[in-house]
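In what follows, residues are counted from 1 in the order of the sequence shown. In what follows, every heavy atom counts, from backbone to side chain, and hydrogens, waters and symmetry copies are set aside. Because the structure is a prediction, the values reported are computed rather than measured.
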Amino acid sequence: AEADQDRLPDDLLLEVEVDSLDQLRQVLPAGADIVLLDNMSDQELHEAVQLRDQLSPETQLEASGGITLERLIGIAECGIDRISVGALTHSATALDIGLDWIQ
């Protein structure tokens with residue numbers, strides 16, 4: 001395993017996804033660069049920031065799943081570093097473009 005680690009790029013980021021605060025407590029001491037917090041309430045996100053600040057202040061937290069544009073301000077006020085908003089693409093309409101190639 002050490003030989004494999006020697007071949008990893010120095011700028012490689014490790015991101016881990018969790019969907020509970022218990023999982024977050026387990027993951028933070030392991031040293032992930034980013035932890036994706038999936039489908040958490042604003043209260044859970046606030047608690048996640050407190051846990052991160054206690055256990056691994058250098059780890060960035062990203063809120064994802066169930067994020068609506070209406071929740072953005074509340075989530076940002078929790079101290080989350082990153083927010084993934086699927087609502088930006090979920091409601092986008094598709095444009096079907098065809099290209100007929102004639103030789």
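A 4.5 Å side-chain heavy-atom check between R71 and D42 finds at least one atom pair inside the cut-off. Residues R25 and L51 form a side-chain contact, since some pair of their non-hydrogen atoms from C-beta on lies under 4.5 Å apart. Contact check for E62 versus E15: side-chain heavy atoms found under the 4.5 Å cut-off. Residues L61 and R82 have side chains not in contact (no heavy-atom distance under 4.5 Å, counting atoms from C-beta outward).
Contact record, D33 with L12: OD2-O, 3.9 Å, taken as the closest heavy-atom pair. Scanning both residues, M40 and L21, for their nearest heavy atoms gives CE-N, 4.0 Å.
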message: Under the criterion side chain to side chain contact (heavy atoms under 4.5 Å, CB included), I'd like the reasoning laid out for V18 against D38: C-alpha separation, chi angles, the key distance, then a yes or no.
response: CA-CA 6 Å; V18 301; D38 190 32; over 6 Å; no

task: Start with the C-alpha gap between Q43 and E47, add the side-chain angles, then the distance that decides, and say whether side-chain hydrogen bond (donor to acceptor under 3.5 Å, both in side chains) holds.
output: CA-CA 6 Å; Q43 178 61 37; E47 291 177 42; 3.1 Å; yes

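In the hydrophobic clustering of ILVMFWY residues, with side-chain heavy atoms under 4.5 Å counting as a link, V35 and I83 come out together. In terms of hydrophobic clustering, with Ile, Leu, Val, Met, Phe, Trp and Tyr side chains grouped at heavy-atom distances under 4.5 Å, I80 and L55 are assigned to a common cluster. Linking Ile, Leu, Val, Met, Phe, Trp and Tyr whenever their side-chain heavy atoms come within less than 4.5 Å leaves I34 and I67 in two separate clusters. Transitive grouping of hydrophobic side chains (ILVMFWY, heavy atoms separated by less than 4.5 Å) brings V49 and L28 into a common cluster.
Summarising the geometry, atom SG belonging to C78 is positioned 12.0 Å from atom CD1 belonging to I73; distances are rounded to the nearest 0.5 Å. Between atom CG of residue L45 and atom CD of residue E77 there is a gap of 12.5 Å, rounded to the nearest 0.5 Å.
One N or O on the side chain of T59 and one on the backbone of A32 form a donor-acceptor pair closer than 3.5 Å.
Remark: Q26 pairs with no residue by the side chain to side chain donor-acceptor pair (under 3.5 Å) rule, at least two apart or across chains.
For the side chain to side chain contact (heavy atoms under 4.5 Å, CB included) with L72, the qualifying choice from T68, L69, I75 is L69, the only one to do so.
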